[in-house]
Amino acid sequence: MAKMRLLALAIPFASLVPQISLAAEMKPVPLVLTRINETFYQATAALVVDVLTEMGHPVKVVDGSHTSAYKAIKDGTADLCVGFWLPTGHEKAWSEVKDSAVELSTIYEGARFFWAVPSYIPESDVSSIEDLTKPSVSAKMNKTIRGLSLDASITTESMNAIDVYGLKDAGYHVIPGAFEPWKEALNNAIKTKAWIVEPLWEPYYFNRIYSLRPLNDPKNIFKGRNRVILAAHNGVRERLPKKTLDALNRMRVRLEDITDMDFDINVNSVTPEVAARHWINKHPDQFNGWLGR
């Protein structure tokens, strides 16, 4: 009778052993990470890759447009994506993929879209988007507002601002396009101190190299600041070891840190991977803390 009781106790205990062993022995898995092909996204992704590599994961990085990156995380051709701005920056894009993806971690906070003017334009004349319709301002301001691709939120929201603020009647219009014409428009204006309004965002190195003043947005077209997340395709989180998930959850940087790396890429002409390594070398304790060392 005593032997039967011992056997009954042993069976449920033994049934737990394989589960504990599997969890303990879960190996790092290869991962595909897609990132938007703009330098501040690439810098952020390079940090994520460094964390994953340190945790033992082979990582393949795929650059793409907003559209291709979001498609990849939705259909599962990518495991991870850097990144979405939530709750409002990429609200529409996230609504289209959220049934196929999850928020894995928040990397940093404070990202935002806005319009800005060079600081040589008097704040007494232009402090708000609404001021652009004033006849004295409209007479001096370049009416062509350069945007980026149509799948970039800064472009679609800027086109919305034209309508909401009644800027079309004053002659303003947004032209979607590539980075180079967008950069050239601001560079040329600053050289001649011309009056221009530029769709912009943080983090971005332009905020470091130019003296630009964000305009007030009383109608809240650009919807304030966002957290920037690392997204994972459904099922990926369950395939990751706990130590990897813990490291990614501990990973947190400041908006200024991403700006520092973006500056390094664009001004010092280094790759995103080198910029991330430069940042890590300056913050070894923080990086090692993410890794649990």
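What you see is a predicted model, and the numbers here were worked out from it, not measured in a lab.
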Heavy-atom distance under 4.5 Å between the side chains of I209 and V267, does that happen here?
yes
Worksheet item: Are V32 and L245 joined in one hydrophobic group, where the rule is that I, L, V, M, F, W and Y side chains link up if heavy atoms are under 4.5 Å apart?
Response: no
In this structure, are over 12 heavy atoms from other groups packed under 6.0 Å from K143 atom NZ?
yes
Decide if the gap between the ring center of W195 and the ring center of Y120 is smaller than 6.0 angstrom.
-> no
In this structure, SG of C81 is separated from CG of L230 (nearest 0.5 Å) by 8.0 Å
Problem set entry | Residue pair R237 / L104, side-chain heavy-atom distance below 4.5 Å | yes
Are D125 and S136 close enough that a side-chain donor and a side-chain acceptor fall under 3.5 Å? no
Exercise. For the residue pair N249 and S105, confirm or rule out a side-chain donor-acceptor distance under 3.5 Å.
Key: no
Smallest heavy-atom separation, I73 atom then A101 atom, equals CG1-CB, 4.3 Å
Taken to the nearest 0.5 Å, the spacing of I280 CD1 from F287 CZ works out to 4.0 Å
Determine whether the side chains of H278 and D264 contain a donor N or O and an acceptor N or O closer than 3.5 Å. yes
The residue among W182, F263, F40, F179 that forms ring-ring contact (aromatic ring centres under 6.0 Å, His included) with F206 is W182
> Distance-only, no hydrogens or angles: does the N216 side chain make a donor-acceptor pair with backbone N or O of P218 under 3.5 Å?
Replying inline: no
Regarding W115 and S158, do their side chains bring together a donor and an acceptor under 3.5 Å, going by distance alone?
yes
Taking every heavy atom of L33 against every heavy atom of A45, the minimum-distance pair comes out as CD2-CB, 3.8 Å
> Mind checking whether R227 and E103 have side chains closer than 4.5 Å, heavy atoms only?
Replying inline: yes
Exercise. Let me see the working for E109 and R252 under side-chain contact (heavy atoms from CB on, under 4.5 Å), right down to the final yes or no.
Key: CA-CA 9 Å; E109 297 183 4; R252 189 66 64 91; 3.4 Å; yes
According to a hydrophobic-cluster definition based on side-chain heavy atoms being under 4.5 Å apart (Ile, Leu, Val, Met, Phe, Trp, Tyr only), do V164 and V126 belong together? yes
| Stepwise side chain to side chain donor-acceptor pair (under 3.5 Å) test for N234 and S100 | CA-CA 6 Å; N234 285 347; S100 302; 5.2 Å; no
May I ask you to test the K183-R146 pair for a side-chain heavy-atom distance under 4.5 Å? no
Side-chain contact, heavy-atom cut-off 4.5 Å: R35 with V62? no
From the list D50, L52, V51, side chain to side chain contact (heavy atoms under 4.5 Å, CB included) with V48 holds only for L52
In this structure, CG of N142 is separated from CD of E198 (nearest 0.5 Å) by 9.5 Å
Tell me whether the count of non-hydrogen atoms from other residues, nucleotides or ligands lying under 6.0 Å of NZ in K134 goes above 12. yes
Only one of D262, T259, D260 passes side chain to side chain donor-acceptor pair (under 3.5 Å) with R208, and that residue is D260
Between Y165 and D217, is any side-chain donor less than 3.5 angstrom from a side-chain acceptor? yes
**Asked** Within the side chain of S128, is there an N or O that forms a donor-acceptor pair under 3.5 Å with the backbone of E130?
**Response** yes
Do L150 and L200 belong together in a cluster built from hydrophobic side chains that touch within less than 4.5 Å?
yes
Check: Is any side-chain heavy atom of P272 less than 4.5 Å from a side-chain heavy atom of Y41?
Finding: no
query: Is R293 salt-bridged to E54, going by a charged N under 4.0 Å from an acidic O?
result: yes
message: Could you go through W279 and D257, starting from their C-alpha distance and side-chain angles, then the distance that decides it, and tell me whether this counts as side chain to side chain donor-acceptor pair (under 3.5 Å)?
response: CA-CA 8 Å; W279 185 90; D257 294 322; 3.2 Å; yes
Heavy atoms of P203 and A111 approach each other most closely as CD-CB, 4.2 Å
Residues P284 and N281: closest non-hydrogen pair is CD-O, 3.5 Å
Any heavy-atom pair between the side chains of I258 and Y204 that's under 4.5 Å? no
field: Lys/Arg-Asp/Glu bridge criterion (N-O < 4.0 Å) met for E273, R277
entry: no
Interatomic distance, CG@L148 vs OG@S65, rounded to 0.5 Å, equals 12.5 Å
task: State whether F114 and R112 meet the cation-pi test: NZ (Lys) or CZ (Arg) under 6.0 Å from the six-membered ring centroid, and within 45° of the perpendicular axis.
output: yes
**Study point:** From CA spacing to verdict: side-chain contact (heavy atoms from CB on, under 4.5 Å), K168, H173
**Key:** CA-CA 6 Å; K168 186 175 181 180; H173 57 284; over 6 Å; no
- Item | Lys/Arg N to Asp/Glu carboxylate O, R225 vs E202, below 4.0 Å | yes
Q. Does any donor atom in the side chain of D63 or Q42 lie under 3.5 Å from an acceptor atom in the other side chain?
A. yes
_With side-chain contact (heavy atoms from CB on, under 4.5 Å) as the criterion, how do M141 and L132 come out once you've worked through the C-alpha distance, each side chain's angles and the decisive distance to 0.1 Å?_
CA-CA 8 Å; M141 192 70 68; L132 297 174; 3.7 Å; yes
Output for pair (L167 CG, Y172 OH), nearest 0.5 Å, gives 7.0 Å
Check the pair W290 / Q286 against side-chain contact (heavy atoms from CB on, under 4.5 Å), numbers first and verdict last.
CA-CA 7 Å; W290 298 344; Q286 185 174 348; 3.6 Å; yes
Closest non-hydrogen atoms of I196 and P118, given as atom of the first, atom of the second and distance, are O-CD, 3.3 Å
Output for pair (H90 NE2, N226 CG), nearest 0.5 Å, gives 8.0 Å
Joint cluster assignment, M55 & V29, ILVMFWY side-chain distance < 4.5 Å: yes
Q. Quick one: are the ring centres of F84 and W94 less than 6.0 Å apart?
A. yes
In terms of heavy-atom contacts, L291 and R250 come closest through C-NH2, 3.6 Å
Mind checking whether D131 and T133 have side chains closer than 4.5 Å, heavy atoms only? no
Original post:
Are M159 and F222 joined in one hydrophobic group, where the rule is that I, L, V, M, F, W and Y side chains link up if heavy atoms are under 4.5 Å apart?
Top reply: yes
**Asked** Taking the side chain from T155 and the backbone from S149, do they hold a donor-acceptor pair closer than 3.5 Å?
**Response** yes
### Query
Will you find, in the side chains of H57 and T244, an N or O donor that is under 3.5 Å from an N or O acceptor?
yes
